[in-house]
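Here is the structure we will look at, set down as structure tokens.
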Amino acid sequence: MVNSNKSALGIIFPNNFDPLVPELVNVRMMASIPFASRYRMIDFILSSMSNCDIDNISIMVNNNYHSLMDHLGSGREWDLVRKNGGLNIFPPYSEKASKKYTGRISALASLLGFLREQKEKYVVMADASIAVNFDFKDMIEKHIESGADVTIAYSQEELPESFLRTRDYEKDFYYTFSIDNGRINKIYVNSKEKGIQNFSMNIYVVERELLIDMVNTAFMRGQEHFNRDVLLNQLNKLNVQAYKFDGYLARITGIKSYFDENMKLLDDYNLDALFSGAPIYTKVRDDNPTRYIAEAKVKNVMVADGCVIEGEVENSILFRGVKVAKGAKVKNCILMQDTVVDSGANVEYLISDKNVTISAGKEMKGTDSFPVYIAKSHTV
């Protein structure tokens, strides 16, 4: 018998933070970015919710969502095929006056009718820019025990260098907190402070009826952002609690961090920290096991199924269906699905998108601080 957490429903915002990785979201969204050889970024938050028996989950897509819809399908891999609840994908309304969501409030405003019809007491909200194995049950329990109006998850870490040197208006908002005895008493928007910070994970728990009231009021006032426009101005009225997450997380803040966070998983310690908890599910692609042909040389790699390796591969992440021909050399690379590296090619510090072909004899080398990126379906 399937257990169901009737106390909470989930909402995921898959487009938030798209501007951080313009190269990778040209034909997809942040949630659809391939990660860790066979997963997409959304798999981690979606699996975490499913593992905690949250079986009523809404995905608030904004644009470039066809790739995500293809990946999620009916939600079967996450056990979210339900007559009531299950997986729901909400695109923006197709009206002449409609526009893309510019913040969490405008997205939630389009969902108010749906929220009013639901029976769950609490709403769990999250973005898809973090790969994490998260215990939503524990967070909900802590939220209830504290009597909080809103609980926000955070981790203690340094702000990414790309955030510290970027002007505020160039990227999406990010938030850090000042915390007093578990309660958030200050919210800082796009802080430039160095050192360890209480860095928001953009994961929230809030009572459904309260969320409806807050969104109603904020939307009528023309407000857009849940943290900046709603919570920040009501910290003296609302009991906003902080939930500290001490586990492993991979936060994507740019193309360089995307490269680094993938490469970290070549270390068994990091790999175990991310995957040793509850299982992470993804779309199943029935394929043959990877084949290593006679003279192939492989060292310290993460390789998905369906690959054929005849050449040399070292310190690299290979997604499904990658082919490395005889005489080819691949080092410190991320090769996405169905990439082909022809005979004699030599590539290093390279990120290839899906269906890329590296022609025979070509040499392409980036650096650890500036990996080369090749767009989807290109031949070089």
Side-chain angles (χ1 to χ4, degrees), residues 21-24 26 33-41 131 160-162 248 250-275 285 287-380:
V21 280
E23 305 92 341
L24 296 174
N26 187 43
I33 293 175
F35 188 78
S37 88
R38 61 190 298 263
Y39 300 92
R40 303 292 183 104
M41 288 299 296
E161 281 295 325
S162 58
Y248 186 88
R251 191 189 296 263
I252 306 304
T253 60
I255 192 73
K256 176 65 166 58
S257 78
Y258 172 76
F259 181 84
D260 291 342
E261 294 298 343
N262 270 282
M263 288 300 175
K264 285 179 184 177
L265 297 179
L266 293 174
D267 184 325
D268 288 342
Y269 178 84
N270 295 329
L271 187 67
D272 290 343
L274 182 57
F275 288 99
R285 170 174 154 169
D287 211 333
N288 296 318
T290 289
R291 289 184 292 158
Y292 300 88
I293 310 302
E295 297 180 2
K297 296 180 180 179
V298 177
K299 179 180 178 183
N300 193 32
V301 297
M302 179 185 292
V303 183
D305 53 313
C307 296
V308 178
I309 301 177
E310 298 181 77
E312 300 179 22
V313 184
E314 182 179 352
N315 297 333
S316 296
I317 311 285
L318 273 57
F319 287 78
R320 292 163 168 164
V322 170
K323 293 179 174 58
V324 180
K326 185 176 181 179
K329 295 182 179 181
V330 176
K331 186 176 181 181
N332 300 317
C333 292
I334 299 172
L335 306 182
M336 294 188 196
Q337 186 172 306
D338 297 323
T339 291
V340 175
V341 184
D342 282 335
S343 178
N346 185 0
V347 293
E348 189 171 352
Y349 290 108
L350 176 79
I351 302 172
S352 71
D353 213 311
K354 296 172 63 176
N355 301 305
V356 163
T357 299
I358 311 296
S359 303
K362 287 290 175 64
E363 183 172 310
M364 299 189 69
K365 294 186 178 182
T367 66
D368 59 348
S369 60
F370 194 85
V372 174
Y373 171 74
I374 303 176
K376 181 180 179 181
S377 300
H378 277 55
T379 298
V380 294

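Throughout, residue positions are numbered sequentially from 1 according to the sequence presented.
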Tell me which donor-acceptor pairs under 3.5 Å the side chains of residues 363-370 have, and how far apart each pair is, sequence neighbours excluded?
residue, atom, partner, partner atom, Å
T367, OG1, S369, N, 3.4
T367, OG1, S369, OG, 3.3
T367, OG1, F370, N, 3.0

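- Nearest heavy-atom pair, S377 versus V356, reported as atom, atom and distance to 0.1 Å: N-CG2, 4.1 Å.
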Pair I358-V330, side chain to side chain contact (heavy atoms under 4.5 Å, CB included): steps then yes or no: CA-CA 11 Å; I358 311 296; V330 176; over 6 Å; no
Run the numbers on F259 and Y373 for side chain to side chain contact (heavy atoms under 4.5 Å, CB included), then give the verdict. CA-CA 10 Å; F259 181 84; Y373 171 74; over 6 Å; no
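- Evaluation of the side-chain contact (heavy atoms from CB on, under 4.5 Å) rule for T379 yields T357, S359 as partners, not counting sequence neighbours.
- Scanning all heavy atoms of the two residues, the minimum distance from I255 to V21 falls at N-CG1, 3.9 Å.
- For K326, there are no salt bridge (charged side-chain N to carboxylate O under 4.0 Å, His left out) partners at least two apart in sequence or on another chain.
- Listed by first and then second residue, the side chain to side chain donor-acceptor pair (under 3.5 Å) pairs that reach into residues 334-348 are R285-D338, T339-S352, sequence neighbours excluded.
- The side-chain contact (heavy atoms from CB on, under 4.5 Å) test applied to E261 returns F35, Y248, A250, I252, K264, not counting sequence neighbours.
- Here K329 contributes atom NZ and E312 contributes atom CD; the two are 5.0 Å apart, rounded to the nearest 0.5 Å.
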For residues 298-305, run the donor-acceptor check on the side chains, cut-off 3.5 Å, and write out each pair with its distance to 0.1 Å, sequence neighbours left out.
residue, atom, partner, partner atom, Å
N300, ND2, N315, OD1, 2.8
D305, OD1, R320, NE, 3.3

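- By the salt bridge (charged side-chain N to carboxylate O under 4.0 Å, His left out) test, E310 is found to be paired with no residue, residues two or more places apart in sequence or in another chain being considered.
- Here K256 pairs with D260 under the salt bridge (charged side-chain N to carboxylate O under 4.0 Å, His left out) rule; sequence neighbours left out.
- Residue pairs meeting the salt bridge (Lys or Arg N to Asp or Glu O under 4.0 Å) criterion with at least one partner in residues 349-360, sequence neighbours excluded, are R28-D353.
- The minimum heavy-atom distance between M336 and Y258, with the atom names listed, is CE-OH, 3.3 Å.
- What you find for F319 and S37 is that their closest heavy atoms are CD2-O, 3.0 Å.
- The ring pair (Phe, Tyr, Trp, His ring centres under 6.0 Å) check on F275 picks up Y39, F44, with sequence neighbours excluded.
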